[in-house]
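The analysis underlying the following values was restricted to heavy atoms, covering all of them including side chains, and did not include hydrogens, waters or symmetry mates.
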Amino acid sequence: MPLEDGVRRLTLPLPTGPEHVHCYLVDGTLFDTGLGLGEAPFAAAGIERIAITHFHPDHVGGAAAAAEATGAPVFQGGLDYAQCERVWGSEDWPERMAEWFARHGVPRDSADELIAQGHAFAPFVRYALDPDLLYEGSTLAGWDVVELPGHADGHLGFLRDGVLIGGDHLLQTISPAVGLYPDSRPDPLGDYLASLVRTIELAPRIVYPGHGEPIHDAAARARELLEHHRVRLDETERVLNGRGQTAYEISLSVFGRELSPTERRFAVAETLSHLERLVRERRAARSGADGTVTYTGPPVGRRHPS
């Protein structure tokens, strides 16, 4: 679908979640590649180069197929590619994820579902091996590379003439997931809040996101998300008490009990990112006794005012 600014949007289906992902083609650059399920309309699209915003499967999963179909080189963030290899190129990632969630209180049977699911799913994620690596300050075909960590540690945005190809950094109607996972940066929510502030400072005229419609007031949307997470931090702090609780237990209070196992794991990861931000703000304390990680409220007198 042709949009403003010479941008062509390619919308590909997803089997779950938002049920679609947007890729964008601008002046020969394809931004993101979808999950790689079925035939993607890349071969005859005039693609000269492929740029990846982040390593999540609905954005990088079709990268190898797109490169094979077009002969175009693939560009990806340096940190993002390292995580891509660690997750999609690792034979034991599902086991590590299962152990991680179990340590944070997820019932063992639910955590162990990740092992079978992960091994069944991983072969469908065909990322491109040895891409050209990008970093903050790099340029690609006239686009400035902007590191916007949070939703993914190595998430990149591409900025040119007030246009931001934003991946999942900023979405119009939903809050991008910001979760804590093994082998990741220790404070993803802190990273994301800083990235939102940076978005306000950059003040792009329009953002083309990975899901949903273009965002015409990025600064206003960033402020909404900053407020959303301020409220969620306060809600999470209120659940804490002097008895150690796991992130799983806290997620039951914050997100409710009526979630599927997959939704619950996302809720636990999101709860963890907020708990770790609270720890850094000295509004919570963490303990790892007996191999199970728990969180308590701050010492008396240090509780954040509501």
Side-chain angles (χ1 to χ4, degrees), residues 14-18 21 32-37 52-67 74 76-131 133-134 147 149-156 167-168 176-189 191-192 210 246-248 251 259-273 275-276 288 291-293:
L14 295 176
T16 59
V21 64
D32 288 337
T33 61
L35 187 54
L37 298 178
I52 303 299
T53 62
H54 63 295
F55 79 102
H56 292 172
D58 52 331
H59 295 261
V60 77
V74 176
Q76 189 172 358
L79 172 58
D80 195 65
Y81 181 66
Q83 290 193 324
C84 195
E85 285 196 304
R86 193 176 303 128
V87 173
W88 306 121
S90 169
E91 293 184 358
D92 68 344
W93 177 255
E95 284 80 5
R96 283 187 285 153
M97 280 283 282
E99 185 58 33
W100 165 266
F101 277 111
R103 287 184 63 229
H104 289 286
V106 174
R108 176 58 73 172
D109 57 347
S110 178
D112 284 348
E113 287 180 7
L114 285 167
I115 297 175
Q117 291 174 357
H119 285 297
F121 185 69
F124 294 98
V125 181
R126 297 185 57 228
Y127 63 94
L129 298 176
D130 299 320
L133 299 181
L134 300 172
E147 292 181 352
H151 176 70
D153 287 354
H155 197 298
L156 298 182
D168 288 353
V178 180
L180 180 68
Y181 294 96
D183 299 335
S184 65
R185 289 166 60 99
D187 183 19
L189 182 57
D191 290 338
Y192 187 58
T246 65
Y248 172 80
S251 80
L259 296 178
S260 70
T262 298
E263 290 171 331
R264 176 60 58 194
R265 290 190 291 265
F266 276 111
V268 171
E270 185 98 5
T271 299
L272 277 167
S273 73
L275 287 166
E276 285 299 316
T292 299
V293 180

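- The minimum heavy-atom distance between S184 and Q83, with the atom names listed, is CA-NE2, 3.9 Å.
- Contact annotation: the side chain of F121 never approaches that of P94 to less than 4.5 Å [non-hydrogen atoms, C-beta and beyond].
- Taking R96 as the reference, D92, D183 meet the salt bridge (charged side-chain N to carboxylate O under 4.0 Å, His left out) condition, with sequence neighbours excluded.
- Across every non-hydrogen atom of P188 and G179, the tightest pair is CG-O, 3.6 Å.
- Panel note: side chain S251, backbone V268; no donor-acceptor pair is recorded below 3.5 Å.
- Put simply, the side chain of L156 reaches to within 4.5 Å of the side chain of E147, judged on heavy atoms.
- In this structure, the separation between CG on L272 and OH on Y181 is 9.5 Å, given to the nearest 0.5 Å.
- Annotation: side chain of D187 is not in contact with side chain of Y192 (no heavy-atom distance under 4.5 Å).
- In terms of the side chain to side chain contact (heavy atoms under 4.5 Å, CB included) criterion, residue partners of L259 (sequence neighbours excluded) are, by chain and number, F255, E263, R264, A267.
- Here salt bridge (Lys or Arg N to Asp or Glu O under 4.0 Å) pairs that include residues 113-124, with residues two or more places apart or in two chains, are E113-R265.
- Side-chain atoms of L35 and V21, non-hydrogen and from C-beta on, never get closer than 4.5 Å to each other.
- Here H54 pairs with H56, H59, H151, H155 under the ring pair (Phe, Tyr, Trp, His ring centres under 6.0 Å) rule; sequence neighbours left out.
- For the atom pair CG of L114 and NE2 of H119, the computed distance is 10.5 Å after rounding to the nearest 0.5 Å.
- E85 is not listed as a side-chain neighbour of F55, based on a closest heavy-atom distance of 4.5 Å or more.
- Atom CG of D153 is separated from atom CG of L79 by 5.5 Å, given to the nearest 0.5 angstrom.
- The number of heavy-atom neighbours closer than 6.0 Å to CZ of F266, taken from other residues, nucleotides and ligands shown, is 12 or below.
- Scanning for side chain to side chain donor-acceptor pair (under 3.5 Å) contacts around R185 gives D191, with sequence neighbours left out.
- If you take CE on M97 and CG on D112, they are separated by 13.0 Å, rounding to the nearest 0.5 Å.
- Looking only at distances, a side-chain donor or acceptor of D32 sits under 3.5 Å from a matching main-chain atom of T53.
- Heavy atoms only, all atoms of each residue included: A128 and V74 are closest at CB-CG2, 3.7 Å.
- Minimum interatomic distance between A66 and T33 (heavy atoms only, all atoms of both residues): CB-CG2, 4.0 Å.
- Judged purely by atom type and a 3.5 angstrom limit, E270 uses its side chain to pair as donor or acceptor with the backbone of V178.
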Would you give me the side-chain donor-acceptor pairs under 3.5 Å for residues 98-107, sequence neighbours excluded?
from : atom 1 : to   : atom 2 : distance (Å)
E99  : OE1    : R108 : NH2    : 3.3

